Amino acid sequence: DEGTNADVVWRTEGGHTVFCEVKLSEDEFGIAKDDDRHRHKFQDIYLPRLRGRIAGELLEAEAFFKHYQLMRYLSLIAQDERSHLVVLLPRANAALSPQLDTFMGALPKEIASRVHVAYVEDVIERLEHAVGLPPELVVHAKHLREKYSPATDS
């Protein structure tokens, strides 16, 4: 309702909703300007969703705007304990690590346990070796490796 878009969203058979943010080449998570529009959304939308679930500096405007994209996702998963966030990125994209580490370190355990970092290389590896995966999907996984992990041997 407030305009947050996820790259992929799926529901599991167990009723869990998973929001996935994919960062293949971007070197930062989205931030926001400290302007009237964003302050309004912060006060009227995000604080009510997060208050009582998140504490500390992440609920201060400056930190919130610094981690704006991630905090928007957090506001989605904080409302339902069956919701998760997956951040999918290549290991080689080291530029994202400091921002992601700071963000993850500020989360309470009950929320942090529902935020997962997955690496493209690992996902492709698991797909290539998944038992029972149709052969055409194994070939597709190999093509993904060639495209997104060209420096690795496969």
Side-chain angles (χ1 to χ4, degrees), residues 1-127 130 140-141 143-152:
D1 58 339
E2 94 294 347
T4 296
N5 294 302
D7 291 322
V8 183
V9 179
W10 67 89
R11 285 193 179 28
T12 68
E13 289 179 3
H16 297 261
T17 301
V18 182
F19 299 89
C20 183
E21 173 62 22
V22 180
K23 293 287 189 190
L24 295 177
S25 61
E26 297 161 273
D27 61 358
E28 70 178 4
F29 292 95
I31 60 173
K33 293 180 182 179
D34 187 353
D35 57 19
D36 286 341
R37 179 175 154 263
H38 288 103
R39 278 192 298 276
H40 168 74
K41 289 176 86 170
F42 173 65
Q43 289 292 328
D44 295 346
I45 297 171
Y46 302 116
L47 272 182
R49 289 181 180 180
L50 294 169
R51 197 174 283 124
R53 295 175 175 99
I54 303 291
E57 75 172 44
L58 287 178
L59 288 185
E60 296 171 13
E62 183 178 342
F64 188 91
F65 295 144
K66 183 178 177 181
H67 298 288
Y68 190 68
Q69 182 179 26
L70 292 167
M71 291 302 294
R72 289 172 65 175
Y73 284 124
L74 203 60
S75 78
L76 294 174
I77 70 166
Q79 299 177 87
D80 181 351
E81 63 188 34
R82 297 174 305 158
S83 295
H84 296 260
L85 170 62
V86 173
V87 180
L88 179 64
L89 65 155
R91 274 195 202 326
N93 193 345
L96 295 173
S97 293
Q99 188 179 8
L100 192 55
D101 291 346
T102 299
F103 174 76
M104 293 293 290
L107 296 178
K109 287 182 181 183
E110 58 274 5
I111 297 286
S113 68
R114 296 189 286 125
V115 178
H116 315 277
V117 178
Y119 296 99
V120 172
E121 300 88 343
D122 297 344
V123 172
I124 292 171
E125 175 83 14
R126 290 183 73 185
L127 284 172
H140 187 65
H143 288 262
L144 288 171
R145 176 175 301 288
E146 291 169 8
K147 183 173 183 175
Y148 294 110
S149 301
T152 62

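Everything numeric here is computed off the predicted structure, so don't read it as measured data. Residues: numbered from 1 along the sequence shown.
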### Query
When you look at NE2 of His84, are more than 12 heavy atoms from neighbouring residues, nucleotides or ligands closer to it than 6.0 Å?
yes
### Task
Measure across Tyr46 and Arg72 and return the closest heavy-atom pair with its distance rounded to 0.1 Å.
OH-NE, 3.3 Å
### Message
According to side-chain contact (heavy atoms from CB on, under 4.5 Å), who are the partners of His143, at least two apart in sequence or on a separate chain?
### Response
Val139, Glu146
### Task
Looking only at non-hydrogen atoms, find the nearest pair between Pro90 and Val120 and report the distance.
N-CG2, 3.8 Å
### Query
Where do Leu74 and Leu107 land on the side-chain contact (heavy atoms from CB on, under 4.5 Å) test, with the steps shown first?
CA-CA 10 Å; Leu74 203 60; Leu107 296 178; 3.4 Å; yes
#### Entry: Point-to-point distance, once rounded to the nearest 0.5 Å, from CD1 of Ile124 to OH of Tyr119
14.5 Å
#### Entry: Test: Arg145 and Glu125 ion pair at under 4.0 Å
yes
### Query
Which value, rounded to the nearest 0.5 Å, describes the distance between Ile31 atom CD1 and Met71 atom CE?
15.0 Å
### Query
For the atom pair CE (Met104) and CD1 (Ile111), what is the distance rounded to the nearest 0.5 Å?
11.0 Å
### Task
Please state whether the rings of Tyr68 and Phe65 are parallel, tilted or perpendicular, taking 30° and 60° as the class boundaries.
tilted
### Under 3.5 Å donor-acceptor, Arg114 side chain and Ile77 backbone
yes
### Task
Compare every heavy atom of Ala78 with every heavy atom of Leu50, then report the nearest pair and how far apart it is.
CD2-CB, 3.8 Å
### Asn93 side-chain N/O to Glu26 backbone N/O, donor-acceptor pair under 3.5 Å
yes
### Summary
Here the pair of heavy atoms bringing Leu58 nearest to Ala106 is CD1-CB, 3.6 Å
### Message
For Gln79, is the CD atom crowded, meaning more than 12 foreign heavy atoms sit under 6.0 Å from it?
### Response
yes
### Message
As a test of understanding, state which of Leu88, Leu89, Leu85, Val86 forms a side-chain contact (heavy atoms from CB on, under 4.5 Å) with Val117.
### Response
Leu89
### Task
Return each pair, listed once, that meets salt bridge (Lys or Arg N to Asp or Glu O under 4.0 Å) where at least one residue sits in residues 5-15; pairs must be two or more places apart or across chains.
none
#### Entry: Partners meeting side-chain contact (heavy atoms from CB on, under 4.5 Å) with Ala6 (sequence neighbours left out)
Val9, Phe19, Tyr73
### Query
Between the main-chain N or O of Arg91 and the side-chain N or O of Glu121, is there a donor-acceptor pair closer than 3.5 Å?
yes
#### Entry: Test item: Thr102 and His67 side chains (from C-beta on) under 4.5 Å apart, heavy atoms
yes
### Query
With a cut-off of 6.0 Å (strictly less than), are more than 12 heavy atoms of other residues, nucleotides or ligands near CD of Glu81?
no
### Message
Using 0.5 Å steps for rounding, measure from the CG atom of Leu127 to the CG atom of Asp122.
### Response
11.0 Å
### Steps toward salt bridge (charged side-chain N to carboxylate O under 4.0 Å, His left out) verdict (Arg37, Asp35)
CA-CA 6 Å; Arg37 179 175 154 263; Asp35 57 19; 5.3 Å; no
### Task
State the NZ-NE2 distance between Lys33 and His38, to the nearest 0.5 angstrom.
8.5 Å
#### Entry: Atom CD of Glu62: over 12 foreign heavy atoms under 6.0 Å
no
### Task
Can you see which heavy atom on Ala94 is nearest to which on Pro98, and at what distance?
O-CD, 3.4 Å
### Query
To the nearest 0.5 Å, how far apart are NE2 in His40 and CD1 in Ile45?
6.0 Å
### Query
Does Arg39 reach the main-chain N or O of Asp34 with its side chain, forming a donor-acceptor pair under 3.5 Å?
yes
#### Entry: Over all atoms of both residues, closest heavy-atom pair of Pro108 and Arg53
CG-O, 3.4 Å
### Task
Step through the shown structure and confirm whether more than 12 heavy atoms of other residues, nucleotides or ligands are within 6.0 Å of NZ on Lys66.
no
